[in-house]
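I have placed the structure first, in the form of structure tokens, so that the comments after it can refer back to it.
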Amino acid sequence: MSDCIFCKIVAGEIPSHKVFENDAVFAFLDIAPLAEAHTLLVPRRHVTQLDQLTADESAAIGAVLPKLAAAVQKITGAAGYNILQNNGECAGQVVMHVHFHIIPRNGADGLGFRWHPTKYAPGRDKAVLAELQSALKN
Ligand code: AMP
Ligand code: ZN
């Protein structure tokens, strides 16, 4: 897509700190890292959200993500890491080319969570389950 910053990075039209590439995916350092080695992994093809990826693209991402995560953890010495993947503005997505964040975690990183669990009303869990199972058949 002509006005997509990540498409331009993949095409080499604007500079990036490339970490890895193959024929399906491209990984580069985040320009505003939450911690050193914060890396982004994207498919070469422009799609906005995760659910728009093909099975082959998903497989290509799945093959690379663990290796990237291991490398990020190894060179930073982080005790752990988060894989963050935002879909849609309401979920915090700013760049509308699907991407996976690999964020090493340490005491001084810039990532925070708000996580307030709720409860299903009686019977609602079974109704939701039936809807999901039905949606997966289509
Ligand atoms: P998200 O909120 O999930 O859409 O995250 C977008 C990420 O892209 C942010 O962490 C930005 O710092 C990063 N970003 C934006 N522009 C660039 C760029 N030119 N090179 C590298 N990372 C970028
Ligand atoms: Zn794009």
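Just so you know, ligand 1 is whichever comes first in the structure, and atom 1 is the first atom listed for that ligand.
The heavy-atom pair separating T54 from R45 by the smallest distance is CG2-NH2, 3.8 Å. The heavy-atom pair separating I9 from P15 by the smallest distance is CG1-O, 4.3 Å. Here the closest heavy-atom approach between residue Q93 and residue H97 is recorded as NE2-N, 4.0 Å.
The atoms of ligand 1 that sit less than 4.0 Å from any heavy atom of H101 are 1 (P), 3 (O), 5 (O), 7 (C), 10 (O). Within ligand 1, counting atoms from 1 as listed, the ones closer than 4.0 Å to a heavy atom of F28 are 21 (C), 22 (N). Of all atoms in ligand 1, numbered sequentially from 1 with element shown, those under 4.0 Å from a heavy atom of L40 are 8 (O), 13 (C), 22 (N). Less than 4.0 angstrom separates some heavy atom of V94 from each of these atoms of ligand 1: 1 (P), 2 (O), 4 (O). Residue A32 has at least one heavy-atom neighbour below 4.0 Å for each of these atoms of ligand 1: 12 (O).
Summarising the geometry, atom CG belonging to N82 is positioned 8.0 Å from atom CG belonging to D109; distances are rounded to the nearest 0.5 Å.
For the ligand labelled ligand 1, residue Q85 lies outside the 4.0 Å heavy-atom shell. At least one heavy atom of I9 sits less than 4.0 Å from an atom of ligand 1. Contact annotation: G92 has at least one heavy atom less than 4.0 Å from an atom of ligand 1. Within the 4.0 Å heavy-atom shell around ligand 1 one finds H99.
Aromatic pair F6/F28: centroids less than 6.0 angstrom apart.
Distances from atom 21 (C) of ligand 1 to the heavy atoms of I31, I5, N86 show the closest one on I31. Summarising the contacts of atom 9 (C) of ligand 1 with L29, L84, D30, the nearest heavy atom is found in D30.
Residue-level check: among N/O/S atoms of H46, ND1 sits closest to the Zn ion (ligand 2).
Note: angle at the Zn ion (ligand 2), from ND1 of H97 to SG of C7, is 110° (rounded to 10 degrees).
Of all the heavy atoms of F100, none lies under 4.0 Å from any atom of ligand 1, so neither backbone nor side chain is involved.
A heavy-atom distance below 4.5 Å is not found between the side chains of Q52 and V98.
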